[in-house]
2 protein chains.
Amino acid sequence: MIQEAHPALAPERRDRIRNLVREGGVARVEDLRKNLKVSVATIRRDLEILEEEGKVKRVHGGAVSMESRLEESVFDDKTNLASKQKKKIAEDALTLVGHEESVFLDGGSTTLFLARLLKQRTDITVVTNSVRAMEELADSGPRVIFTGGEFRRISQTMVGPLSTVVLEQIRVDKAFMGTMGFCLKNGITTTDPNEAYVKRVVSENAGQVILLADSTKADKVSFARVSDWDQVDILITDQAVPKHFTKTLRKRGIKVRLP
Amino acid sequence: MIQEAHPALAPERRDRIRNLVREGGVARVEDLRKNLKVSVATIRRDLEILEEEGKVKRVHGGAVSMESRLEESVFDDKTNLASKQKKKIAEDALTLVGHEESVFLDGGSTTLFLARLLKQRTDITVVTNSVRAMEELADSGPRVIFTGGEFRRISQTMVGPLSTVVLEQIRVDKAFMGTMGFCLKNGITTTDPNEAYVKRVVSENAGQVILLADSTKADKVSFARVSDWDQVDILITDQAVPKHFTKTLRKRGIKVRLP
DNA sequence: ATCATTATGATCGATTTCGATTGATTTTGA
DNA sequence: TCAAAATCAATCGAAATCGATCATAATGAT
């Protein structure tokens with residue numbers, strides 16, 4: 001075997017792998033191999049060790065970070081095109097965040113993509129009730145204000161009267177909201193009334209309400225009503241959304257973006 | 001043996017090794033050999049000694065600094081004596097939590113151990129401002145209420161006026177508090193005034209205040225005053241705490257437990 | 001001077017790490 | 001659904017590294 005002149009020490013290499021996984025949220029075996037100049041066998045062995053240590057989670061094709069289990073879905077069901085769209089939507093949303101602005105981040109996977117992008121911004125203030133978003137921003141990034149409240153495990157968000165106590169004290173320039181469903185007739189709906197209430201309070205206290213929802217949410221109606229369309233300023237969705245949605249909403253004065 | 005003109009003395013050489021490891025985070029045996037102009041056998045013997053002294057951690061191919069190892073989770077560090085004590089303290093604290101009670105969990109590593117133990121209890125309500133504790137209880141466990149507020153990265157807790165807004169709305173049976181320092185003269189102190197204020201509000205709204213602090217915190221005084229001893233009902237520490245502490249505090253009506 | 005002690009270097013078999021190969025498994029795309 | 005492609009786990013051999021042992025040199029005590 002012809003080893004390199006200065007090969008990295010095994011633990012050092014594994015640290016690098018861990019960081020790469022963490023920064024990207026996900027890393028492919030092949031990419032790691034090229035990056036670290038070792039064989040795939042070594043990468044796999046390292047990933048095995050890192051998984052035992054609880055540092056990363058292995059998936060077919062590579063590994064995902066433990067910090068944000070968000071990306072599991074990206075790997076777990078490749079059929080879910082929505083992940084790619086969600087990423088695009090988040091990237092578009094990022095362009096709306098101005099210098100030194102304050103933004104609210106709702107729960108949900110799309111806003112979680114946005115959270116990751118916002119990590120680079122240290123000039124802004126992020127208000128959120130999502131534990132996942134909180135975790136994403138825990139190490140570094142913008143100023144973070146968290147709404148308290150009762151923890152709802154299923155959505156990993158804070159809800160209930162205690163969270164609105166905090167929300168009523170603040171005002172954000174832009175609120176990036178997720179949703180379970182949106183349709184022209186019933187407006188925005190979600191599963192839990194408590195959550196719907198929180199979303200409503202946020203919307204009322206935000207300069208602009210920006211709805212992030214991929215086209216799979218179109219024409220879906222859920223149990224709890226959040227608000228009507230007149231509360232929404234901008235909808236960011238994707239090309240696959242039915243034409244008449246775009247048309248009708250724009251007629252109603254809502255900006256619709258299709259990145 | 002043909003020694004060099006000015007060979008470094010052994011302890012001096014080991015110091016140099018230690019510095020090289022520390023600066024680089026890692027160092028290879030081969031690099032150290034070239035750098036210090038001695039044989040690999042000598043390097044290995046030095047590393048063996050340095051490892052015994054706890055200065056570096058040996059790995060195949062070289063050594064890594066202890067500092068880089070330290071950033072790992074408090075739970076990984078089995079050798080850390082304070083960790084063992086903290087674990088014992090947390091286990092003792094757990095016995096104080098009654099059925100269907102509500103408890104507050106402060107930030108800090110000791111309370112984090114307690115959080116892990118509380119994960120098994122689904123009958124209780126946990127109130128906390130610690131993101132780490134939140135994460136620990138995110139998947140399953142007791143009902144969790146989180147205080148909102150401004151996120152303080154260094155302690156990974158929520159502080160400031162927004163967190164007290166929530167705290168004033170609730171009342172807990174027992175508050176498990178951590179601290180940076182405690183001494184007979186100055187009472188309980190911590191680093192940040194904002195944090196101290198939160199702790200004070202919690203203490204006032206708790207049925208019982210239980211201070212969890214290993215003996216390394218004894219006679220330490222930090223910047224911000226939290227409270228005097230009359231606010232504390234129970235102190236859980238360890239055997240290594242000076243005798244006069246135990247004596248004086250018990251005389252003042254504070255229960256001192258030494259698990 | 002002689003001897004014990006310590007530090008260092010050299011050698012050699014044992015262990016560990018790594019890469020390549022092969023056959024099994026999973027994913028992808030028709 | 002089936003077949004091709006990608007990915008994986010297992011195995012083996014080569015190279016690096018390691019630990020143990022012994023030899024040599026410097027140092028200091030007797």
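Quick caveat, the model's predicted, so the values are computed rather than measured.
To the nearest angstrom, C1' of C:dC18 lies 10 Å from NE2 of B:H60. Whole-Å rounding puts the A:K37 NZ to C:dA20 C1' distance at 20 Å. Across the protein-nucleic acid pair, B:L32 atom CG and D:dA16 atom P stand 18 Å apart, rounded to whole Å. At whole-Å resolution of the value, CZ in B:R14 and P in C:dA7 are 7 Å apart. Remark: P of C:dA10 and CD1 of B:I43 are 13 Å apart, rounded to the nearest angstrom. A:L36 has its CG atom 17 Å from the P atom of C:dT17, to the nearest Å. In this structure, B:R28 atom CZ and D:dT17 atom C1' are separated by 10 Å, rounded to whole Å. For the pair A:E48 CD and C:dC18 C1', the interatomic distance rounds to 14 Å; values are reported in whole Å.
Contacts of A:V40 with the nucleic acid, taken as non-hydrogen atoms under 4.0 Å apart, are absent. In this structure, B:R33 reaches neither bases nor backbone, as no heavy-atom distance under 4.0 Å exists between it and the strands shown.
The local environment of CZ in A:F245 is crowded, with over 12 non-hydrogen atoms from other residues, nucleotides or ligands closer than 6.0 Å.
Closest contact between the side chain of B:R58 and the listed nucleotides D:dT7, D:dA9, D:dG19 involves D:dG19. Closest to the side chain of B:A41, from the set C:dA20, C:dC18, C:dA10, is C:dA10. The listed nucleotides are D:dT17, C:dA10, C:dG19; the one nearest the side chain of A:S39 is C:dG19. With distances taken from any side-chain atom of A:V38 to the nucleotides C:dT8, C:dG19, C:dT26, the minimum falls on C:dG19.
In this structure, B:R45 and A:R13 both approach DNA chain C, and ranking their closest nucleotides by distance from the 5' end singles out B:R45.
Checking the phosphate oxygens (OP1, OP2) of C:dG9, a side-chain nitrogen or oxygen of B:T42 falls inside 4.0 Å. Dashed line: the shortest gap from a side-chain N or O of A:R44 to OP1 or OP2 of C:dG19 is not under 4.0 Å.
For the pair A:D233 and A:K255, the salt-bridge criterion is not met [side-chain N within less than 4.0 Å of a carboxylate O]. Using a 4.0 Å cut-off between charged side-chain N and carboxylate O, A:R45 and A:E48 make no salt bridge. Between A:R33 and A:E30, at least one side-chain N (NZ, or NE/NH1/NH2) sits under 4.0 Å from a carboxylate O, which counts as a salt bridge.
Close placement of the A:F146 and B:F146 rings is indicated, their centers lying within 6.0 Å of each other.
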